[in-house]
Protein chains: 2
Amino acid sequence: MEPLGLNIQVQSNLYIKNPDSSALGREILAKSIELINQIGFESFTFKKLSQVIQSTESSIYRYFKSKHSLLIYLTSWYWMWVDYKIVMATTNIDDANTRLNKAITVLTQPLKKDNFTSSINIEWLDRIIINESIKAYHTVDVDSENKKGFFQAYKNVVNRVAQLVQDVNSSFPFPHMLVSTVIEGAHQQRFFSEHLPNLTDADKTDAITQFYHQMVLKMLA
Amino acid sequence: MEPLGLNIQVQSNLYIKNPDSSALGREILAKSIELINQIGFESFTFKKLSQVIQSTESSIYRYFKSKHSLLIYLTSWYWMWVDYKIVMATTNIDDANTRLNKAITVLTQPLKKDNFTSSINIEWLDRIIINESIKAYHTVDVDSENKKGFFQAYKNVVNRVAQLVQDVNSSFPFPHMLVSTVIEGAHQQRFFSEHLPNLTDADKTDAITQFYHQMVLKMLA
DNA sequence: CAACTATGATAGTAATACTCTTATCTTTGC
DNA sequence: GCAAAGATAAGAGTATTACTATCATAGTTG
């Protein structure tokens, strides 16, 4: 099948120079995802990345002002992608319950690559979100970065699904809390099932999806 | 009222020298909590702490081998304290539902100081858990540290409450997943309500407690 | 009072997270 | 086909971090 001609455009204050606008920029995105996955975000440095892509630290700094802002870029990209997946899964579906269920499935299962052209490997990015994304907003600068709209993509997803929740049950008083609990919970459980299995009952990811579907169903009943 | 003569003893491989065994050690605990709260864990250094307590870096290093292990010590202490609170809240209560509800209340509300002697300010520590505790286990070393039992205190709490869940409904297939979702969810929502309010509907902490009580009730019905 | 332990004072190191400057290479516009 | 502009490379420099190591001194105990 032909790849879709779509392109995810991250908001411009998340980079210095748009990494999507040059070969080097796309290389930075592609290989940073690989490297962060390999060694973890704390050990990841622009110096190491520059060696991997056979470029220099200073060149990378022309795209991103810090490794932290690169992480924010990647998470934004991820949530825009998820938003797109949810739209794709729910358009032209008439039944509100079905729409919500499809959205919950997108949110609770590992993302799979599909026909989309990009330098970004979604499955690896998905792993980064599970392991590192929390570090993007658990900082002293949350409030000021929030004001600059750095977390907008994530909020958009929560709002979109909260709307689906309200379509199912308009009197439910906590739609955002429910959605963010499901999203964060599903991610945490995936992390736990891999590293701290005593904290979960999820031997397979299926249990996670099942659990959160049940939760949404029962909370809105 | 007389303070209880209890003392929380953190497992010995979480420190080099027991900080509870000397005035300097207790000062390290007390003031590190204060400082981490003030400037955040990333900006927190042993050098800055040594200035606050009018001691030296090298002296602090004699108690903890790194700031990371200090954080693990603090989180362990916290979960042992929570475990104690849950035991206190549930002993001699005959009804399984009431027991579980009391435990959920402990887990979803900000901790309050009570009659307990310690150099540790529980309310501040509670804030650290909300803001920083995730950094204690979201690292490349999770697996090896887990093997050493570094997260045992947390697991104990989850297991204890999972047991209460099973007392209410022994056929519920996901007791651990439910409990860890509630714990982590309540913490996240408290963080969100302060910093990213769009992701929650919790203007007051009461909404959080209410939401998770409802969740447990409905999941086990 | 001797021996031991705890703490202090100080120095040193490799790595990190950048910034800055200068040189070279590649486009593109005319 | 060439000059100017823009992108990238190369390299040096800096303050800070997260330690380690050594030696001196103060306090405590037997």
Side-chain angles (χ1 to χ4, degrees), chain A residues 12 14-32 35-36 38-74 119 132 135-136 138-141 144-145, chain B residues 12-32 35-36 38-74 119 132 135-136 138-141 144-145 150:
Chain A
S12 65
L14 289 180
Y15 49 76
I16 294 169
K17 177 176 154 74
N18 190 347
D20 209 43
S21 71
S22 76
L24 180 63
R26 287 185 292 273
E27 188 74 353
I28 289 170
L29 295 179
K31 293 293 167 60
S32 66
L35 192 53
I36 292 170
Q38 269 174 42
I39 62 178
F41 185 67
E42 344 286 343
S43 304
F44 170 83
T45 68
F46 279 179
K47 184 164 206 177
K48 287 174 189 167
L49 177 59
S50 74
Q51 281 153 4
V52 170
I53 64 176
Q54 310 233 62
S55 179
T56 59
E57 257 187 297
S58 47
S59 298
I60 298 167
Y61 274 106
R62 254 183 237 102
Y63 287 88
F64 294 102
K65 69 182 246 286
S66 65
K67 72 171 183 169
H68 175 247
S69 64
L70 169 59
L71 183 61
I72 302 226
Y73 180 98
L74 293 175
S119 42
E132 321 284 359
K135 296 163 194 168
H138 266 258
T139 69
V140 253
D141 305 316
S144 73
E145 295 188 342
Chain B
S12 65
N13 60 349
L14 290 179
Y15 51 75
I16 295 170
K17 177 177 154 72
N18 190 348
D20 209 43
S21 72
S22 76
L24 179 63
R26 287 185 292 271
E27 187 74 354
I28 289 170
L29 296 179
K31 293 290 167 61
S32 66
L35 192 54
I36 292 171
Q38 269 174 41
I39 63 179
F41 186 67
E42 344 287 340
S43 304
F44 170 83
T45 69
F46 280 179
K47 185 164 206 175
K48 288 174 189 168
L49 177 60
S50 74
Q51 282 153 5
V52 171
I53 65 175
Q54 311 234 65
S55 179
T56 59
E57 259 186 296
S58 47
S59 297
I60 298 168
Y61 274 107
R62 258 183 229 106
Y63 287 87
F64 294 101
K65 69 184 245 285
S66 64
K67 71 171 184 169
H68 176 247
S69 65
L70 169 59
L71 182 61
I72 302 224
Y73 180 98
L74 292 175
S119 41
E132 322 282 0
K135 296 163 195 167
H138 266 258
T139 69
V140 254
D141 306 315
S144 73
E145 294 188 341
F150 283 15

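Residue numbers begin at 1 in each chain, while the letters A, B, ... track the order of the sequences.
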pair Ile36(B)-Leu74(B): side-chain heavy atoms closer than 4.5 Å:
yes

Restricting to non-hydrogen atoms, name the atom on Leu24(B) and the atom on Ser59(B) that form the minimum distance, rounded to 0.1 Å.
CD2-CB, 4.0 Å

Can you list, in residue-number order, the parts of residues 38-51 of chain A that come under 4.0 Å of DNA chain D, counting heavy atoms only?
none

Minimal non-hydrogen separation, Thr139(B) against Glu145(B), with atom names:
OG1-OE1, 4.5 Å

For nucleotides 12-14 of chain C, print each protein N/O atom paired with a nucleotide N/O atom at under 3.5 Å, atom names and distance only.
none

What range of DNA chain D does chain A touch, first nucleotide to last, counting atoms under 4.0 Å from its heavy atoms?
dA7(D) to dG11(D)

Any side-chain heavy-atom pair of Lys67(A) and Phe41(A) under 4.5 Å
yes

Would you kindly give the CG-to-P distance between Leu24(A) and dC25(C), to the nearest whole Å?
17 Å

Nucleic acid contacts of residues 62-69 of chain A, taken as heavy-atom distances under 4.0 Å to DNA chain C:
Lys65(A), Ser66(A), Lys67(A)

Measure the CG-CZ distance between Asn18(B) and Arg26(B) for me, rounded to the nearest 0.5 Å.
9.5 Å

Can a side chain N or O of Ser58(A) be found less than 4.0 Å away from OP1 or OP2 on dC20(C)?
no

Minimum heavy-atom separation for Ser22(B) to Tyr63(B), with atom names?
OG-OH, 2.5 Å

Please name the pair of heavy atoms, one in Val140(B) and one in Ile39(A), separated by the smallest distance, quoted to 0.1 Å.
CG1-O, 3.6 Å

Atom CG of Leu35(A) and atom CD1 of Ile28(A): how far apart are they, to the nearest 0.5 Å?
12.5 Å

Within a strict 4.5 Å, meaning less than it, do heavy atoms of the Gln54(B) and Glu27(B) side chains meet?
no

State, to 0.1 Å, how close Ser32(A) and Phe44(A) come at their nearest heavy-atom pair, and which atoms those are.
CB-CZ, 3.9 Å

Take the C1' atoms of the five end pairs on each side of the helix from dC1(C)-dG30(D) to dC30(C)-dG1(D), derive the two axes, and give their angle rounded to 10 degrees.
10°

Nearest 0.5 Å, please: how far is NZ in Lys65(A) from CG in Leu14(A)?
10.0 Å

Roughly how far, to the nearest 0.5 Å, is NZ of Lys48(B) from CZ of Phe46(B)?
13.0 Å

About how many Å separate CD of Gln51(B) and OG1 of Thr56(B), when rounded to the nearest 0.5 Å?
11.0 Å

Over how many whole Å does the gap from Ile16(A) atom CD1 to dC18(C) atom C1' extend?
11 Å

Would you indicate what Ser22(A) reaches in the nucleic acid, counting non-hydrogen atoms under 4.0 angstrom: base, sugar-phosphate, or nothing?
sugar-phosphate

Give the minimum heavy-atom separation between His138(B) and Glu42(A), together with the two atoms involved.
O-OE2, 3.8 Å

With Tyr73(B) via ring-ring contact (aromatic ring centres under 6.0 Å, His included) - residues at least two apart
Phe64(B)

